[in-house]
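Order of the sequence lines sets the chain letters (A, B, ...), proteins ahead of strands, with each chain counted from 1.
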Amino acid sequence: MSPSQDFAQRVLHWRDEHGRTDLPWQQRRTPYRVWISEIMLQQTQVAVVIPYFERFMARFPNQIALADAPLDEVLAHWSGLGYYARARNLHRAARLIRDQHHGCFPSDLAAVQALPGIGRSTAGAILSLACGQRHPILDGNVKRVLARRFGVEGWPGKSDVLARLWELAERCTPDERVDAYNQGMMDLGATLCTRHRPACQDCPVRQSCIACLQGRQSELPAPKPSKTLPTRATLMLAIRNGDGEILMEQRPPTGIWGGLWSLPEATTDTSPEQWCQAHLGVAPSEVEMLPQRRHTFSHYRLTIHVAAIKIATAPCLVEERADRRWEQVTNARQLGLPTPIGRILAELQNDSH
DNA sequence: AAGGCGGGGAG
DNA sequence: CTCCCAGCCTT
């Protein structure tokens, strides 16, 4: 048996033992009932959907009733679920079914997918669950299960990653009992293979799951890349005097790293030589640019350029300022330091040894 | 406080 | 193709 067939058989067996079969839309499964439930479940959890589904079905028992109802009443029955564009799409689609499909829900995948608000996955779910047609589905739960089991790298929002997941979904879908398999995949993702702390010990495919075997459940599927924060740059001056001391500077009480001890800072277009001349009245004997470091704040990313500077003369030329001190690096590391500054000092200390 | 959820529409 | 959005919910 191929890995994908083995996978499907295990999912089916698990579904037979542990799947839910008592949900309202699992009774009297018609395309209409599956459709409404799938749209509701796209945005809301099962427990919340149940009463909405019951009320909706009581008022709009089929696509004709929905098509004939005024939009306002449909929206009223959707009120509290959010994403109201979907209620409008439901209504539009019902009218299309009434007017262009003679009131019969289409049984062709392309025709179902052409209805507003129904994409490939929802179309596949309707026709597989209600009609037993062999179509793969790929909602958020299924994406997570497949990405973990088959070790699919990358964020599923990327088109190539998504294409790979569809390919796997297609390959794993069995010829028999597609409805039970698709339902099982959704149940698996919703109950065991959850985003956080999945219950791998209870999973029917744990012994062949790449994520589980490699302990990478938290890395798969890869999360959406956080939106790129604005980047700023700064120059930190690590200035050592003839005694090996480093010049520390206390930051202003407010703002970034307020009140913490740090290194003297300058804009990145400042030349270190120029800065030393202007602020210390001496020319450095040695200037070396260290590798840049990056630090991320909640609202921006900071690129830190580090200049390692040696001055030969005694520190007596520093103007008297309470917010500046010469410190042995060991002592400086005891001060309250921002994390990236602490790292820089640690590296300077290691390098000088 | 941030990110996820399917599909649709804009750029 | 790659964002960005809708609204509510969980973490």
(request) For A:Trp261, enumerate each residue passing the ring-ring contact (aromatic ring centres under 6.0 Å, His included) test, keeping only those at least two apart in sequence or located in another chain. (result) none
(request) Write down the distance separating the P atoms in C:dA6 and B:dG11, rounded off to the nearest Å. (result) 15 Å
(request) Can you label the angle between the A:Trp275 ring and the A:His279 ring as parallel, tilted or perpendicular, going by 30° and 60°? (result) parallel
(message) So for atom CZ, which belongs to A:Arg343, do other residues, nucleotides or ligands contribute more than 12 heavy atoms lying within a distance under 6.0 Å?
(response)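 No, not enclosed.
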Specify the separation, in whole Å, of atom [atom1] of [X] and atom [atom2] of [N].
{"X": "A:Arg88", "N": "B:dG7", "atom1": "CZ", "atom2": "P", "result": "18 Å"}
{"X": "A:Lys143", "N": "B:dC5", "atom1": "NZ", "atom2": "P", "result": "7 Å"}
{"X": "A:Leu90", "N": "B:dG8", "atom1": "CG", "atom2": "P", "result": "12 Å"}
{"X": "A:Ile137", "N": "B:dC5", "atom1": "CD1", "atom2": "P", "result": "14 Å"}
{"X": "A:Met40", "N": "B:dG7", "atom1": "CE", "atom2": "C1'", "result": "17 Å"}
{"X": "A:Leu75", "N": "C:dG7", "atom1": "CG", "atom2": "P", "result": "10 Å"}

Among residues two or more places apart or on two chains, list those pairs meeting salt bridge (Lys or Arg N to Asp or Glu O under 4.0 Å) that have a residue in [range].
{"range": "residues 94-115 of chain A", "answer": "A:Asp68-A:Arg98"}
{"range": "residues 136-150 of chain A", "answer": "none"}
{"range": "residues 252-271 of chain A", "answer": "A:Arg251-A:Glu265"}

(message) Check A:Asp6 with A:Arg10, please: is the shortest side-chain N to carboxylate O separation under 4.0 Å?
(response)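 Yes, this pair counts.
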(request) Assign A:Arg144 to base, sugar-phosphate, or nothing according to its heavy-atom contacts below 4.0 angstrom with the strands shown. (result) sugar-phosphate
(message) Quick check on contacts: within residues 152-159 of chain A, what sits under 4.0 Å from DNA chain C by heavy-atom distance?
(response) A:Lys158, A:Ser159
(message) Does anything in residues 182-192 of chain A come within less than 4.0 Å of DNA chain B? Heavy atoms only, and list the residues if so.
(response) none
(message) Within residues 115-125 of chain A, which residues have any heavy atom lying less than 4.0 Å from an atom of DNA chain B?
(response) A:Leu115, A:Pro116, A:Gly117, A:Ile118, A:Gly119, A:Arg120, A:Ser121, A:Thr122
Give the table of side-chain donor-acceptor pairs shorter than 3.5 Å for residues 190-197 of chain A, with sequence neighbours excluded, one pair per line with atom names and distance.
from	atom 1	to	atom 2	distance (Å)
A:Thr191	OG1	A:Asp187	O	2.7
A:Thr194	OG1	A:His196	O	2.9

(message) Could you work out, with side-chain hydrogen bond (donor to acceptor under 3.5 Å, both in side chains) as the rule, every residue matching A:Glu73, not counting sequence neighbours?
(response) A:Arg59
(message) Suppose we screen for side-chain hydrogen bond (donor to acceptor under 3.5 Å, both in side chains). Which residues come up paired with A:Gln9, at least two apart in sequence or across chains?
(response)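 None.
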Protein-nucleic acid N or O pairs under 3.5 Å, nucleotides 8-11 of chain C:
from	atom 1	to	atom 2	distance (Å)
C:dC8	OP1	A:Tyr84	OH	3.4

(request) Measure the CD-CG distance between A:Glu347 and A:Leu290 for me, rounded to the nearest 0.5 Å. (result)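 So the gap between those two atoms works out to 7.5 Å.
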(request) With A:Arg134 as reference, evaluate A:Asp175, A:Thr173, A:Asp179 under the side-chain hydrogen bond (donor to acceptor under 3.5 Å, both in side chains) test and give the passing residue. (result) A:Asp175
For a quick test of your reading: what N or O donor-acceptor pairs under 3.5 Å do the side chains of residues 330-340 of chain A make, sequence neighbours left out?
from	atom 1	to	atom 2	distance (Å)
A:Thr330	OG1	A:Gln349	NE2	3.0
A:Arg333	NH1	A:Gln349	OE1	2.5
A:Gln334	NE2	A:Thr330	O	3.4

